[in-house]
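Predicted model only: the values in this text are computed from it and were never measured. Within every chain, numbering begins at 1; the chains are lettered A, B, ... in the order of the sequence lines, protein sequences first and strands thereafter.
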Amino acid sequence: MQLSEKKEPDKGLPALEGAEGGVVMRFAPNPNGPPTLGSARGIIVNSEYVKKYGGKFIIRFDDTDPVKKRPMPEAYGWYLEDCRWLGAKPDMVITASERVEQYYPIAEELIRRGGAYVCGCAQAEFKEHKDRGIECQHRGRSVEENLDLWQRMLDGTVAEGEAVLRVKTDMHHKDPAIRDWPAFRIVTAPHPLVGDKYRVWPLLDFESAVEDHLLGTTHIIRGKDLADSGSRQRYLYEHLGWQYPRVIHWGRIKIHQFGSFSTSKLRKAIEAGEYSGWDDPRVPTVRAMRCRGIRAEALRKFMIDLGVGETDISISMDSIYAENRKIIDPEANRRFFVWEPVALEIEGDVPALAHAPLHPAIDRGVREIPAGNRLFICKSDLAGLKAGEGVRLKDLCNIEIISTEPARARFAGKDVGKRTKIIHWAPADGPKVRVLRPDGMDDGVGEAGISQELGRVVQFERYGFVQVNSVSEPIVAYFAHR
RNA sequence: GCUCCGGUAGUGUAGUCCGGCCAAUCAUUUCGGCCUUUCGAGCCGAAGACUCGGGUUCAAAUCCCGGCCGGAGCACCA
């Protein structure tokens, strides 16, 4: 064996074996909802390898179950949209349900080579055989007989549930999960995309294996739940004389802030009205991240740092937020937003107008905010104040509290003092603002300038970063992070 | 039950293949300090890990055996 020199701490993704001449890689979702953060990992890492080595990145919709994993017609487009947004525009997009035609001749060839047989066992019956390692009576059928039965599956003579096409592996394989697996079954229910064009549908192991070959896939990265799939598919490849791609598995990803989630569970919750939609800030979809002002670059960096370990991991959004903060902090204008607003009456010469910088470190000019003798401050800030105490209203003036109930104060000069407590405020006639958060919502009052920030990420001072998504009354912003 | 696969700080990750340069990398997190007209950013500092037990070896996170813990698969789902 050749010794490779000690590699320097490699940034980014670990090297892929056999990738030097370029790679063909795919991400193959079932489109039954929009991409989640879990999908984002698959999209980002696969496409990143293609960027690194050159080659082709393919999105393949594995939508071959019209019933149990019923695809959602809108979701196909959502995937492409989110891929593009994630900086992972596919070089090729294919949809399995539109390519079933191509699978039939391969099935036939497989039968000719003696690699598959039509099996009429009932499901439970076959499971029994499988568990005990016994070959069923159908396994010994001749090629001719199998071809004939296959035809009858296709032409409708054989009814749904009465037969499957099974790939021969080894009924004595030590792992029962690998023994003769089904490649095609009959489904008469219409498919949401192609209707009743086909009645014989491939199962994932067959469809995926065949497509990987047809597309020239060189490397597969997939969840370890599909680890046994490889062992099954290798038999198919052997029968057909194909070469199996290299495979990497990764563990399941859980996110502290969202717990474990699945697209189908989300779908149910959304249909039940628990969430406002697929971009609700409480939901772990790519589009929700986008609406909250999370940048694709932050997601990419994070997912690439995760690498491709086989352990199940439990991550925290904090790391994504930290990445994102680095990106948006310089871009985001500062604005005042007062949650749980309390009116404060101030006596004296409070300036009628405040001048506050749009950004504390980068000179982008100032914003003018109407002030005066009546302002809003946060209830929690008021709670921390006592009569007689001095405090500075940020970018405006100093005040001295007269009483907290009712909230009254008097003007105490404009000079910025040393180490005085500083709080922010909002004008008496400021617009209502609602912030939707992953953990609830905050209602309050903001400065009028927020309505100029539609579609942009801003920092509500002393609150956090948000994206302004609607500027009609009330203004609606989605919370990103602190 | 059967069959696979994993286990490095709170979280993730590098190092494991090919033992020494590892009293273990980076990020995040938490806590201090400085700075600051934000509880943000920045700067400085600190905290915190090789699952356990044996074995091999001059030398083990790294190799071997066993235990423990965790995960996955065992569908006419993807």
Summary of protein contacts for nucleotides 70-78 of chain B, nucleotide by nucleotide, where a base hit scores B, a sugar-phosphate-only hit scores S (4.0 Å, heavy atoms): -SSBSSBBB

Distance between C1' atoms of B/rU62 and B/rA14 (Å, rounded): 13 Å

Length of the CD-P vector between A/E310 and B/rU16, whole Å: 17 Å

Euclidean distance, atom NE2 of residue A/H172 to atom P of B/rC2 [Å, nearest integer]: 20 Å

Touch class at under 4.0 angstrom, heavy-atom based, for A/K174 against every strand present: sugar-phosphate

Side chain A/E323 and base B/rU28 donor-acceptor under 3.5 Å: no

More than 12 heavy atoms from other groups under 6.0 Å of NZ on A/K421: yes

A/R41 side chain near B/rG12 phosphate (N/O to OP1/OP2, under 4.0 Å): no

Interatomic distance at P, B/rA59 relative to B/rG19, whole Å: 15 Å

Sugar-phosphate, base or nothing in reach of A/S231, heavy atoms under 4.0 Å: nothing

A/H424 side chain to A/F337 backbone, donor-acceptor under 3.5 Å: yes

Pairwise C1' distance for B/rG66 and B/rG7, with rounding to whole Å: 16 Å

A/I313, nearest nucleotide to its side chain (from B/rU13, B/rU37, B/rU29): B/rU13

Length of the CG-P vector between A/D395 and B/rU36, whole Å: 16 Å

Short side-chain to backbone donor-acceptor contact, A/D180 and A/T169, under 3.5 Å: yes

Options B/rG12, B/rG6, B/rU11, nucleotide nearest the side-chain atoms of A/T311: B/rG6

G-U wobble or Watson-Crick pairing nucleotide for B/rC21 (cut-off 3.5 Å, both distances): none

Donor-acceptor contact present, side-chain A/W425 to main-chain A/K394, <3.5 Å: yes

Rounded distance (Å) that lies between atom P of B/rU38 and atom NE2 of A/H359: 13 Å

Check: A/G293 main-chain N/O paired with A/N324 side-chain donor or acceptor under 3.5 Å: yes

Ring-face cation contact, A/F336 with A/R367, 6.0 Å cut, 45° max: yes

Sugar-phosphate only, base, or nothing, as touched by A/R334 at under 4.0 Å among non-hydrogen atoms: base

Close aromatic pair by centroid cut-off 6.0 Å: A/Y321 and A/F465: no

Interatomic distance, A/I362 CD1 vs B/rG40 P [rounded to whole Å]: 17 Å

Base-pairing assignment for B/rC4 (Watson-Crick or G-U wobble, both under 3.5 Å): B/rG71

Separation of atom CG in A/D305 from atom P in B/rA27, rounded to whole Å: 10 Å

Geometric cation-pi criterion, A/R141 with A/Y117: 6.0 Å, 45°: no

Nearest-angstrom distance, C1' atom, B/rA49 to B/rU11: 12 Å

Inter-nucleotide P distance (B/rG71, B/rU8), Å rounded: 14 Å

P gap between B/rC21 and B/rC4, integer Å: 35 Å

A/R232 backbone acceptor or donor facing A/W181 side chain under 3.5 Å: yes

Who pairs with B/rC26 - Watson-Crick or G-U, where each distance is under 3.5 Å: B/rG12

Pair partner, B/rA49 [Watson-Crick or wobble, under 3.5 Å]: none

Sugar-phosphate, base or nothing in reach of A/D415, heavy atoms under 4.0 Å: nothing

A/R482 or A/D318, whichever maps to the more 5' nucleotide of RNA chain B: A/D318

B/rC31 versus B/rA23 - spacing of their P atoms, nearest Å: 31 Å

Nucleotide B/rC5, atom C1' - distance to CD1 of A/I248 in whole Å: 15 Å

Given RNA chain B, 5'-ward residue of the pair A/K414 and A/A322, judged by closest heavy atom: A/A322

Nucleotide forming a Watson-Crick or wobble pair with B/rG42, both distances under 3.5 Å: B/rC34

Separation of the C1' atoms in B/rG53 and B/rG48, to the nearest angstrom: 25 Å

Opposite nucleotide pairing with B/rU62, Watson-Crick or G-U, both atom distances under 3.5 Å: none

Sugar-phosphate, base or nothing in reach of A/P330, heavy atoms under 4.0 Å: nothing

Exam field: side chain A/R392 to backbone A/K414, donor-acceptor pair closer than 3.5 Å: yes

Rounded distance (Å) that lies between atom C1' of B/rA41 and atom CD of A/E461: 12 Å

